[in-house]
Amino acid sequence: MKRLVLLVGLVGCAPRLPPNATSADAERANVALSELADGRTMVIKKCGGCHRPPQPKAHTAAEWPKSLDEMATRSNLNGEQRRLIQVYLTALAR
Amino acid sequence: MPRRSTSLLLLVLATQTASADVRSFTQTYEYSTTPEGKTDLELWHTQGRRTWDTDTAQTFEQIAEIEYGITDKWDLAFYSVFAQSTGDAMIPGESFHFAQTKLETRYRLAERGEWPVDTLLYLELGKDFGQSIYEIEGKVIGARDFDRLTVAGNLIGEIEAGKDVAETELSVGFAAGAAYQIASKLRFGAETWGAFEEEEMQWSVGPALSAQPGGNLWIALTAGFGLTDEADAFSARAILGIAL
């Protein structure tokens with residue numbers, strides 16, 4: 001029973017929204033913090049319309065562009081939206 | 001060889017990286033709308049049998065649906081419904097025919113994950129072909145993702161009106177499901193659905209499977225087993241979705 005409660009608790013506490021970027025993330029990726037914030041907003045808005053918004057740590061920085069190639073058409077991203085999403089996901093990738 | 005093919009298919013489904021607009025269920029609506037400016041085609045194929053007897057009435061329904069995203073939170077869909085039934089000793093059968101036209105709209109009230117329960121409103125207007133029967137159906141759709149687990153519930157209210165409707169009354173229905181994302185493009189779960197009408201309850205339950213074998217193509221399958229006498233003893237629905 002204890003294990004079940006723990007499992008339900010862990011699943012229930014799983015992050016539902018992608019994390020906010022910090023100034024350390026911006027510095028490491030050499031981009032403005034506002035761009036990362038805009039990218040996160042775009043991930044929630046555009047990706048979340050169809051499925052759970054992806055967590056940046058789901059892929060490496062090298063893997064994200066390929067993944068986005070497929071989804072950009074599906075979710076009708078324009079060039080700027082796609083760029084912001086990629087900047088955010090790669091900056092916070094695993 | 002079949003085992004090798006199955007393994008290969010699972011590998012392909014597991015190694016593709018992106019999730020997409022794959023429906024987990026065929027009876028339960030989830031928290032999803034068509035992206036702004038995009039058009040989807042969905043083909044629904046449903047078969048049912050009243051009982052397990054060999055001479056029981058069997059029904060068939062084929063729906064062609066076109067969905068369009070007006071905004072990222074609001075979409076509009078048009079359905080053409082075709083139907084056929086074999087009939088039985090009590091009810092005459094119907095040959096394959098155009099049965100109904102429907103217009104559907106869905107609106108997501110917030111971004112996914114912002115609310116404790118993601119909530120979507122659904123409205124559908126239908127007109128039976130060749131008859132004065134007009135149908136209004138509303139749904140409140142609640143859903144929540146728990147990591148790879150998606151849980152969704154629908155509360156449904158439906159009313160029929162028109163000269164060919166004997167008695168206008170509200171029927172209440174429900175649908176609920178839970179699905180686990182086994183791989184990025186493969187989900188497995190179960191769903192249950194039913195309706196209350198004239199103090200009788202139709203209630204079914206069954207497994208649900210969905211997969212996205214290609215970038216613009218997905219399929220969802222549900223088998224349903226009747227839990228009450230008013231429900232079909234068995235039903236099966238497949239939805240094939242194509243992003244245009």
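Order of the sequence lines sets the chain letters (A, B, ...), proteins ahead of strands, with each chain counted from 1. Just so we're clear, the structure is a prediction, and the values are computed from it rather than from any experiment.
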J.: Looking at B/K38, B/E36, B/K73, which makes the most heavy-atom pairs under 4.5 Å with chain A?
T.: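 Ranked by heavy-atom pairs under 4.5 Å with chain A, first place is B/K38.
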J.: More than 12 foreign heavy atoms under 6.0 Å from CG of A/N30: is that the case here?
T.: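 No, because the 6.0 Å sphere around CG of A/N30 holds 12 heavy atoms or fewer from other groups.
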J.: Can you confirm whether B/P35 sits close enough to A/R74 that some side-chain heavy atom of one is under 4.5 Å from a side-chain heavy atom of the other?
T.: yes
J.: Excluding sequence neighbours, so at least two apart, what forms salt bridge (charged side-chain N to carboxylate O under 4.0 Å, His left out) with B/E65?
T.: none
J.: More than 12 foreign heavy atoms under 6.0 Å from CD of A/E27: is that the case here?
T.: no
J.: What distance separates B/D72 CG from A/I44 CD1, expressed to the nearest 0.5 Å?
T.: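 B/D72 atom CG to A/I44 atom CD1 measures 13.0 Å (nearest 0.5 Å).
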J.: List the atom pairs, donor and acceptor, that lie under 3.5 Å between side-chain atoms in residues 86-94 of chain A and the rest of the protein, sequence neighbours left out.
T.:
| unit_1 | atom_1 | unit_2 | atom_2 | d |
| --- | --- | --- | --- | --- |
| A/Q86 | OE1 | A/R82 | NE | 3.2 |
| A/Q86 | OE1 | A/R82 | NH2 | 2.7 |
| A/Y88 | OH | A/P19 | O | 2.5 |
| A/T90 | OG1 | A/Q86 | O | 2.6 |
| A/T90 | OG1 | A/V87 | O | 3.3 |
| A/R94 | NH1 | A/A58 | O | 2.9 |

J.: A quick test of your reading: do over 12 heavy atoms of other residues, nucleotides or ligands sit less than 6.0 Å from CG of B/L103?
T.: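 Yes.
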J.: Identify whether the distance between the nearest side-chain nitrogen and carboxylate oxygen of B/D118 and A/R52 falls below 4.0 Å.
T.: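 Salt bridge: no.
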J.: Is the backbone of A/P53 close enough, under 3.5 Å, to the side chain of B/R112 for a donor and an acceptor to pair up by distance?
T.: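 Checking the backbone N and O of A/P53 against the side chain of B/R112, no donor-acceptor pair under 3.5 Å is found.
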J.: How long is the span from the OG1 atom in A/T73 to the CG atom in B/N216, to the nearest 0.5 Å?
T.: 7.5 Å
J.: Look up atom CG in A/N76 and atom OG1 in B/T34, then write down how far apart they are to the nearest 0.5 Å.
T.: 11.5 Å
J.: Looking only at heavy atoms, which two atoms of B/T33 and A/C50 are closest? And how far apart?
T.: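 Answer, listing the atom of B/T33 first, then A/C50: O-SG, 4.0 Å.
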J.: State plainly whether the residues A/E70 and B/K185 are in salt-bridge range, i.e. N to O under 4.0 Å.
T.: yes
J.: Could you give the distance from OG (B/S184) to NE2 (A/H51), rounded to the nearest 0.5 Å?
T.: 10.5 Å
J.: For atom CH2 of B/W74, is the number of surrounding heavy atoms from other residues, nucleotides or ligands below 6.0 Å larger than 12?
T.: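 It does not: B/W74 CH2 has 12 such atoms or fewer within range.
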